[in-house]
2 protein chains.
Amino acid sequence: MSKSIFYHAGCPVCISAEHDIINLIGSENVEVVHFGEHKSRIEEAEKAGVKSVPALLTPTGNVLHINFGASMEDLKS
Amino acid sequence: MSKSIFYHAGCPVCISAEHDIINLIGSENVEVVHFGEHKSRIEEAEKAGVKSVPALLTPTGNVLHINFGASMEDLKS
């Protein structure tokens, strides 16, 4: 895995952070996953350690929770 | 301002996030400020909107609070 994955749920906090992250690390270095469009990927994200969105999973497997948009529990309800 | 500024306070969460951020955006693109060594810069960070550390101030002036190490209030006490 060489790309980071940015998980979000379309909230304003998420979109703002998405723009910042893409500006900082380049859109070619990050896959963007919107849970509203890809709900099936929630499980994968939780297994990686994502507890809230927006979050960035780094190529080394660390999760950076950036600001706070919504908890993963909220997304499943 | 073209560099980002990474503010932290030496806590384990901070150091881990610092490594991730430097790997992602490159050490040449980020100034690292350790409040334990530069307590005088707490005021500057608060004015920029930093509420907890670790945090990344982007070149566009947005603050990304990454995970949670300590609140700014804790650092002043």
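Keep in mind the model is a prediction, meaning the values are calculated, not measured. Order of the sequence lines fixes the chain letters, A, B, ..., with proteins taken first and strands second; residue numbering starts at 1 for each chain. Note that these values count all heavy atoms, side chains included, but never hydrogens, waters or copies made by symmetry.
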Item to check | Transitive ILVMFWY side-chain link V33(B) to V50(B), under 4.5 Å | outcome: yes
Checklist entry - Are I25(A) and I5(A) linked, directly or through other ILVMFWY residues, by side chains that come within less than 4.5 angstrom of each other? => result no
Checklist entry - Does any non-hydrogen side-chain atom of N67(B) lie less than 4.5 Å from one of I66(A)? => result no
Next on the checklist: Applying a strict under-4.5 Å side-chain criterion to I, L, V, M, F, W and Y, I'd like to know whether I22(A) and L24(A) cluster together.
Outcome noted: yes
Item to check | Flag side-chain contact, heavy atom, 4.5 Å: N23(B) against T58(A) | outcome: no
Item to check | Single-linkage hydrophobic cluster, 4.5 Å side-chain cutoff, Y7(B) and V32(B) together | outcome: no
Checklist entry - Are I42(B) and L57(B) co-members of a hydrophobic cluster defined by side-chain heavy atoms under 4.5 Å apart? => result yes
Item to check | Heavy-atom side-chain contact between I21(B) and L64(A) under 4.5 Å | outcome: yes
Checklist entry - Do D20(B) and L56(A) have side chains that get closer than 4.5 Å, going by heavy atoms? => result no
Checklist entry - Just how far is it from atom OG1 of T60(B) to atom NE2 of H19(A), taken to the nearest 0.5 Å? => result 11.0 Å
Next on the checklist: Taking side chain as everything from C-beta outward and backbone as N, CA, C, O, which of these in V63(B) sits under 4.5 Å from a heavy atom of chain A? Side chain, backbone, both or neither.
Outcome noted: backbone
